[in-house]
Amino acid sequence: MNKFSVKQLLNGALATDETVEISGWVRSRRDSKAGLSFIALSDGSCFTTLQIVAGNNLENYTSDIIRITKDCSIKATGKIVPSLGGGQNIEILADKIEVIGFVENPDTYPVSPKRHTVEYLREVAHLRVRTNLIAAATRVRNTVCFSIHEYLQQNGFYWIHTPIITSTDCEGAGELFNVTLFDINRPARDEKGNIDYKQDFFGRQTYLTVSGQLNVEAYCMALSKVYTFGPTFRAENSNTTRHLAEFWMVEPEIAFANLMDNANLATDLLKHIFKSVLNRNSDDMKFFAEFVDKNVISRLEQIINGSFAMISYTEAINYLEKANKKFENPVSWGIDLASEHERWLCEEHIGQPTIVTDYPKDFKAFYMRQNEDGKTVAAMDILAPGIGEIVGGSVREERYDMLVRRMREMSLSEEQLHWYLDLRRFGSAPHAGFGLGLDRLINYITGISNIRDIIPFPRYPKSANF
RNA sequence: GCCUCAAUAGCUCAGACGGUUAGAGCGACGGACUGUUAAUCCGCAGGUCGUAGGUUCGAUUCCUACUUGAGGCGCCA
């Protein structure tokens with residue numbers, strides 16, 4: 001007998017009267033005194049459940065069927081029939097239902113059939129995917145990842161597996177986690193008593209990467225259009241709804257490109273992702289619109305059909321200075337934008353995701369290309385309402401002398417980054433790229449406000465359970 | 001890392017100038033009813049009031065520390 005997913009059956013993979021076998025987890029059971037029970041079955045393949053009708057003629061009806069509770073696993077075989085009830089088109093009239101696994105102690109089962117807060121569900125991260133909310137977010141996450149690859153592959157990009165373990169500690173993106181085989185109580189030491197990393201596994205100090213960008217730039221200088229896509233790590237003690245210690249980033253890098261090319265790539269990619277999610281996850285998105293944020297669908301449609309707002313940092317400062325609003329942090333040209341400024345800009349003043357370009361070089365990374373004015377760099381951030389920065393990118397400084405000068409100004413090690421500097425010595429070319437925060441993007445798409453709820457097992461300070 | 005708030009049943013919450021048996025809703029369980037679908041109705045069980053100290057005749061309630069959680073800020077994606 002053929003096996004089918006709930007999604008396939010609901011999409012009409014088989015005609016009525018055909019017999020199928022279907023397995024999954026029970027979302028709910030309702031009994032009728034007419035002598036039958038209705039089982040809503042989910043196998044995760046789609047948002048909707050499949051209704052299985054179990055008559056009391058089944059041999060295990062009283063022994064098993066009426067003992068089924070939420071999230072028992074079952075295997076059912078039966079005929080596809082048009083539904084007599086109103087909630088669905090088809091259902092399975094079961095010939096046989098086998099309970100594969102009962103739920104012990106349904107009275108204290110953590111994911112009981114009731115509303116739960118996301119905070120509570122985080123404490124049972126291994127079980128929370130059995131809720132509509134987390135399952136829907138998981139399916140959307142998958143679509144986002146798939147459509148990122150889809151877009152980039154269709155546009156001639158190569159996926160580069162940049163290393164997770166790095167020895168570069170000056171990427172400028174925050175604190176790093178150490179990678180070591182040393183016994184932390186008795187690390188190897190040199191004659192002077194300092195920790196001697198020469199004796200460690202890699203013979204030098206190593207870390208978990210905070211970004212694949214520097215490495216992917218090397219591949220960009222031969223393959224033209226490349227991207228990294230994987231987990232990255234920040235050891236910052238960040239306690240917010242938008243930071244994780246382990247998170248995912250997509251970092252495309254394009255050669256012979258300027259800031260507009262970079263911005264166009266970012267906006268095209270985002271539009272493709274949004275379209276893809278609306279097409280492939282319409283039921284999941286309807287659920288978010290109903291229970292999380294009623295605007296989630298309309299705002300994606302708006303972006304798909306419109307264009308992103310784009311302003312320079314200098315223009316942003318002008319708007320902020322003229323704003324009829326008191327900010328905690330005073331505004332003047334040269335400040336880094338604080339959350340409240342970013343919020344006001346994209347949430348109140350502009351009301352949609354906004355690209356801000358050409359920031360002062362003083363608070364931006366060393367590798368960003370300096371503009372003609374000598375004060376700003378060719379950077380661009382995309383700010384999303386409610387989330388903040390989802391994209392951070394720039395044109396890279398391809399001029400050897402300029403890059404070295406900037407590194408010296410910032411006291412960065414030329415020796416450690418010799419290979420990065422080499423890229424500017426041997427056939428250097430203008431290039432640009434950005435990092436797109438996958439997790440923040442999923443927050444924006446789903447309307448789920450906390451980044452800890454859209455990744456399967458979130459890692460953040462004091463939390464690496466499961 | 002800083003600031004603010006919180007911790008009472010499986011979950012979400014209420015509660016008490018410090019004083020006998022700490023309440024509700026949801027869930028679970030039992031029953032009634034029904035081709036049901038967040039079903040509905042009735043009933044029942046369920047609590048070391050986060051941990052450790054302190055004040056007090058007496059603390060779940062007041063105080064201190066700690067732990068954990070939430071939100072805001074910073075760092076950023």
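In what follows, chains carry the letters A, B, and so on, assigned in the order in which the sequence lines appear, proteins first and then strands, with residues in each chain numbered from 1. All values derive from a computational prediction rather than experimental measurement.
- Residue-level contact check: A:Asp31 touches the bases, meaning some heavy atom is under 4.0 Å from a base atom.
- Spacing of P atoms, B:A22 relative to B:A59, comes out at 16 Å, to the nearest Å.
- At a threshold of 4.0 angstrom between heavy atoms, the contacts of A:Thr232 with the nucleic acid are absent.
- Listed in residue order, the members of residues 446-466 of chain A having a heavy atom less than 4.0 Å from RNA chain B are A:Asn450, A:Ile451, A:Arg452, A:Lys462, A:Ser463.
- For the C1' atoms, the distance linking B:U60 with B:C13 amounts to 16 Å, nearest Å.
- In this structure, the CD1 atom of A:Ile39 is 16 Å from the C1' atom of B:A39, given to the nearest Å.
- Within the nucleic acid shown, A:Gly87 comes within 4.0 Å of at least one base atom, counting heavy atoms only.
- Test A:Ile387, A:Val356, A:Leu441, A:Leu270 against A:Ile382 for side-chain contact (heavy atoms from CB on, under 4.5 Å) and you get one pass: A:Leu270.
- Under the stacking criterion of a centre-to-centre distance below 5.5 angstrom and an interplanar angle below 30°, A:Phe38 is not stacked against the six-membered ring of B:G35.
- The interatomic distance linking A:Gln51 (CD) with B:U36 (C1') rounds to 7 Å, in whole Å.
- Between the CZ atom of A:Phe291 and the P atom of B:A38 there is a distance of 10 Å, given to the nearest Å.
- Summarising the geometry, the separation between CD on A:Glu342 and C1' on B:G72 is reported as 15 Å, rounded to the nearest angstrom.
- Within the 4.5 Å cutoff, the side chain of A:Ser394 has no heavy atoms near those of the A:Phe434 side chain.
- Spacing of P atoms, B:U21 relative to B:C11, comes out at 25 Å, to the nearest Å.
- Contact annotation: A:Arg234 does not reach the phosphate of B:C76 (side-chain N/O to OP1 or OP2, under 4.0 Å).
- For the P atom pair drawn from B:G47 and B:G54, the interatomic distance equals 28 Å after rounding to whole Å.
- With C1' as the reference atom, B:G43 and B:U64 are 46 Å apart, rounded to whole Å.
- As a whole-Å value, the separation of A:Leu84 CG from B:U37 C1' is 14 Å.
- Classification of A:Lys364 and A:Asp336 as a salt-bridged pair fails, no side-chain N sitting under 4.0 Å from a carboxylate O.
- With rounding to whole Å, A:Glu290 atom CD is found 10 Å from B:A38 atom C1'.
- Listed nucleotides B:C29, B:G35, B:G74 differ in distance to A:Pro106; the shortest reach to its side chain belongs to B:C29.
- The P atoms of B:U48 and B:U36 are separated by 41 Å, rounded to the nearest whole Å.
- Residue contacts shown for A:Glu91 include a base, since a base heavy atom lies under 4.0 Å away.
- Base pairing analysis places B:G35 opposite nothing; no Watson-Crick or G-U wobble pair with both distances below 3.5 Å involves it.
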A:Lys7/A:Asp43 under salt bridge (charged side-chain N to carboxylate O under 4.0 Å, His left out): CA gap, chis, key distance, verdict = CA-CA 9 Å; A:Lys7 183 180 185 177; A:Asp43 63 1; over 6 Å; no

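- Distances shorter than 4.0 Å separate some side-chain N or O of A:Arg343 from OP1 or OP2 on B:C73.
- Checking the phosphate oxygens (OP1, OP2) of B:U36, no side-chain nitrogen or oxygen of A:Ser37 falls inside 4.0 Å.
- Across all strands shown, B:U20 has no partner, as no Watson-Crick or G-U wobble contact with both distances under 3.5 Å is found.
- At a threshold of 4.0 angstrom between heavy atoms, the contacts of A:Gly435 are confined to the sugar-phosphate backbone, with no base atom among them.
- You'll find that the side chain of A:Arg440 is closest to B:C76, out of B:C76, B:A32, B:U36.
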ask   = So A:Arg452 and A:Tyr460, side-chain contact (heavy atoms from CB on, under 4.5 Å) or not? Walk me through it.
value = CA-CA 8 Å; A:Arg452 297 166 184 176; A:Tyr460 51 97; 3.4 Å; yes

Trace of the side-chain contact (heavy atoms from CB on, under 4.5 Å) decision for A:Thr354 with A:Leu345 = CA-CA 8 Å; A:Thr354 302; A:Leu345 275 173; 5.8 Å; no

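- Nucleotide B:C11 forms a Watson-Crick or G-U wobble pair with B:G25, both donor-acceptor distances falling under 3.5 Å.
- Under the Watson-Crick or G-U wobble criterion, with both distances below 3.5 Å, B:A6 is paired with B:U68.
- A:Gln51 CD to A:Ile39 CD1: the interatomic distance, rounded to the nearest 0.5 Å, is 9.5 Å.
- Each of A:Phe247 and A:Pro113 has a nearest nucleotide on RNA chain B; the 5'-most of these lies closest to A:Pro113.
- Here the CH2-CD1 distance, from A:Trp333 to A:Ile317, works out to 8.5 Å after rounding to the nearest 0.5 Å.
- In this pair, A:Tyr444 and A:Phe274 present their aromatic rings tilted. The plane angle is within the 30 to 60° band.
- Using the Watson-Crick or G-U wobble rule with both distances under 3.5 Å, B:C62 pairs with B:G54.
- At a threshold of 4.5 Å between non-hydrogen side-chain atoms, the residues A:Val250 and A:Thr228 do not count as touching.
- Out of B:C76, B:C29, B:A39, the shortest distance to the side chain of A:Ser28 is found at B:A39.
- The C1' atoms of B:C49 and B:A14 are separated by 13 Å, rounded to the nearest whole Å.
- B:G25 and B:C5 have their C1' atoms separated by 24 Å, with the value rounded to a whole Å.
- Residue-level contact check: A:Leu244 touches the bases, meaning some heavy atom is under 4.0 Å from a base atom.
- Residue A:Thr241 is the one, among A:Thr241 and A:Glu389, whose nearest nucleotide of RNA chain B lies closer to the 5' end (criterion: closest heavy atom).
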query = Between A:Arg141 and A:Asp439, is a salt bridge (charged side-chain N to carboxylate O under 4.0 Å, His left out) present by the stated rule, with each step listed?
reply = CA-CA 8 Å; A:Arg141 187 182 180 97; A:Asp439 313 277; 2.9 Å; yes

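- Distance, A:Arg27 CZ to B:G27 C1': 16 Å, rounded to whole Å.
- Across all strands shown, A:Ala40 has no heavy atoms under 4.0 Å from either base or sugar-phosphate atoms.
- Note on A:Arg29 versus A:Asp31: salt bridge recorded, some NZ/NE/NH1/NH2 to OD/OE distance being below 4.0 Å.
- For the OP1/OP2 pair of B:G35 and a distance below 4.0 Å, the side-chain nitrogens and oxygens of A:Ser32 include at least one atom meeting the criterion.
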What does the list of N/O pairs under 3.5 Å between the protein and nucleotides 9-13 of chain B look like, with a distance for each?
{"from": "B:C11", "atom 1": "O2'", "to": "A:Lys114", "atom 2": "NZ", "distance (Å)": "3.1"}
{"from": "B:C11", "atom 1": "O2", "to": "A:Lys114", "atom 2": "NZ", "distance (Å)": "3.1"}
{"from": "B:U12", "atom 1": "OP1", "to": "A:Thr117", "atom 2": "OG1", "distance (Å)": "3.3"}

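- Across A:Phe366 and A:Arg406, no two heavy atoms sit closer than the pair O-CG, 3.6 Å.
- Spacing between atom CZ of A:Phe47 and atom C1' of B:A38 amounts to 11 Å, rounded to whole angstrom units.
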